[in-house]
2 protein chains.
Amino acid sequence: MSLLHAVLGFVAIQPMTGYELGKAFSTTAAHFWPADQSQLYRTLHRAEADGLVESTTVEQATRPDRRLYTLLEPGREALAAWLASPLEPDNSREPFLLRLFFAASLGTAGVIELLDQRRSAAVELLTTLDALASSAPHKPSKTTLAIQLQYATLESGRAHARAEITWLDELRAELADHKESAR
Amino acid sequence: MSLLHAVLGFVAIQPMTGYELGKAFSTTAAHFWPADQSQLYRTLHRAEADGLVESTTVEQATRPDRRLYTLLEPGREALAAWLASPLEPDNSREPFLLRLFFAASLGTAGVIELLDQRRSAAVELLTTLDALASSAPHKPSKTTLAIQLQYATLESGRAHARAEITWLDELRAELADHKESAR
DNA sequence: ACGCCATATAAGACTTGTCCTATATTCGGA
DNA sequence: TCCGAATATAGGACAAGTCTTATATGGCGT
């Protein structure tokens, strides 16, 4: 249900087309909210049908027509209501933990391989986020709250990626130790 | 698709009924893989139709009959294939970050409230996991790999909860500072 | 006595998200 | 010159998960 709110959130900042929304998601929110293109357009259709946004067709010579979406008052209210609503408890799925949980049959060496794979992915994510963070406004201190918060979501990703790497390293060491002592 | 693998993973440890699976999930895997009861049974039906597991009905006097599921060879193979398959990149959704990203209209004070709510939830999660960890076998050092890995998923949850709290505190301080200096 | 919880399984309706394909044009690279 | 990527929108099929309700009974607390 939250893609709708994200769409309202973006359109609240500035009227946008579906295509621009797609860009906005993939450049700024991809790491915590992947948005499928198809679903994005469907969500826009529904939002318009529900009177939350309004679209105007902008004709273009060479490119297909664009549909520019503008936030309407009910949309603004829905957005505000969402922001003010109580946080529901997190129940996200972690495929990696699921796998690890059942990975004993891989043996210690196999599990260590798995951890290494995961570590690589985490390092890659961290470097991507680092790059994004340093390309963004040099440390926000004299910026708007909006920019600070957007930056904060990046920081969150980095903090968790670092935590993941540390945890993986500790687990790896523990398993390697255990294997060692079993010889 | 992964609920199927989780089911195979549990049944591989020991033949189980759907009800027992539900218990197993909620007591050991709930924090990284919530399993809906209805979906669990549906997954079992499908797994049986696909020849991955086999069920035998155990009649009971007072209680409804139980259907005990046993892992078949194709199921074991599917489980092994899953464990050996390459890790797909993580693309989990983080509703809280989404909200934070768009939360500027709440104002600094409103955002701080939001952070505090989130912090409470994170602390609560951490204490739940701490309790689970200390009720589990006192520090695994001389246990099986399976137990070590199951314990590791708990540790992962704790590490991330701690990272979340630290990040929240830093962000909160930054926002409070900013607000202070704006007076 | 009444209701709620545990035991046990299951179907139905619905929402959300993913993947694939279609359409139409322009520009840049190999 | 051909192929793919970018621009722009959209539908269809499907998978996965959520929420609600149904059925049936025994035990516990108030």
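These figures come from a predicted structure and were not determined experimentally. In the text below, chain A, chain B and the rest are named by the order of the sequence lines, each starting its count at 1.
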Fill in: B/Trp33/A/Leu97 under side chain to side chain contact (heavy atoms under 4.5 Å, CB included): CA gap, chis, key distance, verdict
CA-CA 9 Å; B/Trp33 206 273; A/Leu97 290 186; over 6 Å; no
Worksheet item: Where along residues 75-87 of chain A does a heavy atom come under 4.0 Å from DNA chain C, residue by residue in number order?
Response: none
Fill in: Short side-chain N/O contact from A/Arg46 to OP1 or OP2 of C/dT16, under 4.0 Å
yes
Worksheet entry | Presence of B/Tyr41 side-chain N/O under 4.0 Å of C/dT9 phosphate oxygens OP1/OP2 | yes
Worksheet item: Counting only side-chain N and O atoms of B/Lys23, is one of them less than 4.0 Å from OP1 or OP2 of C/dA6?
Response: no
Worksheet entry | Bend angle of the helix from C/dA1-D/dT30 to C/dA30-D/dT1, end axes from five pairs each (to 10°) | 30°
Worksheet item: What pairs with A/Arg93 under salt bridge (charged side-chain N to carboxylate O under 4.0 Å, His left out), at least two apart in sequence or on another chain?
Response: none
Item to complete: Please name the residue in the list A/Phe10, A/Phe32, A/Tyr19 that meets the ring pair (Phe, Tyr, Trp, His ring centres under 6.0 Å) test with A/Phe25.
Response: A/Phe10
Discussion item. Going by salt bridge (Lys or Arg N to Asp or Glu O under 4.0 Å), B/Arg67 matches just one of B/Glu54, B/Glu48, B/Glu20. Which one?
Written reply: B/Glu48
Worksheet entry | From B/Leu4, B/Val53, B/Leu8, B/Asp36, residue fulfilling side-chain contact (heavy atoms from CB on, under 4.5 Å) relative to B/Thr43 | B/Leu4
Worksheet item: Parallel, tilted or perpendicular for B/Trp167 and B/Phe96, by the 30°/60° rule?
Response: perpendicular
Practice prompt. Write down the atom of A/Gly51, the atom of A/Leu72, and the distance for their closest heavy-atom approach.
Written response: O-CD1, 3.6 Å
Worksheet entry | Positions of residues 4-20 of chain B (non-hydrogen atom under 4.0 Å from DNA chain C), listed by number | B/Thr17, B/Gly18, B/Tyr19
Discussion item. Walk me through whether A/Ser85 and B/Arg99 qualify under side chain to side chain contact (heavy atoms under 4.5 Å, CB included).
Written reply: CA-CA 10 Å; A/Ser85 68; B/Arg99 196 129 134 195; 3.4 Å; yes
Practice prompt. For A/Leu3 and C/dT16, give me the distance from atom CG to atom P, rounded to whole Å.
Written response: 9 Å
Worksheet entry | Intermediate values then yes/no, side chain to side chain contact (heavy atoms under 4.5 Å, CB included), A/Arg119 and A/Asp169 | CA-CA 8 Å; A/Arg119 206 198 123 100; A/Asp169 287 344; 2.6 Å; yes
Worksheet, complete the sentence: In short, A/Ala103 meets A/Leu114 closest at the heavy-atom pair CB-CD2, 4.1 Å
Worksheet item: Who pairs with A/Arg118 by salt bridge (charged side-chain N to carboxylate O under 4.0 Å, His left out), at least two apart in sequence or on another chain?
Response: A/Glu164, B/Asp90
Item to complete: Quick one: pull up CD1 in B/Ile165 and OG in B/Ser120 and give me the separation to the nearest 0.5 Å.
Response: 9.5 Å
Practice prompt. Write down the distance between CD (B/Glu48) and P (C/dT9), rounded to a whole number of angstrom.
Written response: 12 Å
Worksheet entry | Stretch residues 28-39 of chain B: residues that reach within less than 4.0 Å of DNA chain D through a heavy atom | B/Trp33, B/Asp36, B/Ser38, B/Gln39
Item to complete: Please state whether the base of D/dG12 and the side chain of A/Arg42 form at least one donor-acceptor pair under 3.5 Å?
Response: yes
Item to complete: Could you tell me which non-hydrogen atom of A/Met16 sits nearest to which non-hydrogen atom of A/Ala24, and how far apart they are?
Response: CE-CB, 3.9 Å
Worksheet item: Taking CG from A/Leu40 and C1' from D/dA10, how many angstroms apart are they, rounded to a whole number?
Response: 12 Å
Worksheet item: Which comes earlier along DNA chain C counting from the 5' end, the contact point of A/Ser2 or that of B/Leu68, where each point is its nearest nucleotide?
Response: B/Leu68
Practice prompt. Please evaluate the base of D/dT18 for a donor-acceptor partner in the side chain of A/Arg93 within a cut-off of under 3.5 Å?
Written response: no
Worksheet item: More than 12 foreign heavy atoms under 6.0 Å from CD of A/Glu124: is that the case here?
Response: no
Practice prompt. Can you tell me the distance, in whole Å, between the CZ atom of A/Arg66 and the P atom of C/dT26?
Written response: 17 Å
Worksheet item: Would you say D/dA10 has OP1 or OP2 under 4.0 Å from some side-chain N or O of A/Arg67?
Response: yes
Practice prompt. May I have the distance from A/His45 (atom NE2) to D/dT9 (atom C1'), rounded to whole angstrom?
Written response: 7 Å
Discussion item. Whole angstroms only, please: what is the CG-C1' distance between B/Leu44 and D/dA16?
Written reply: 15 Å
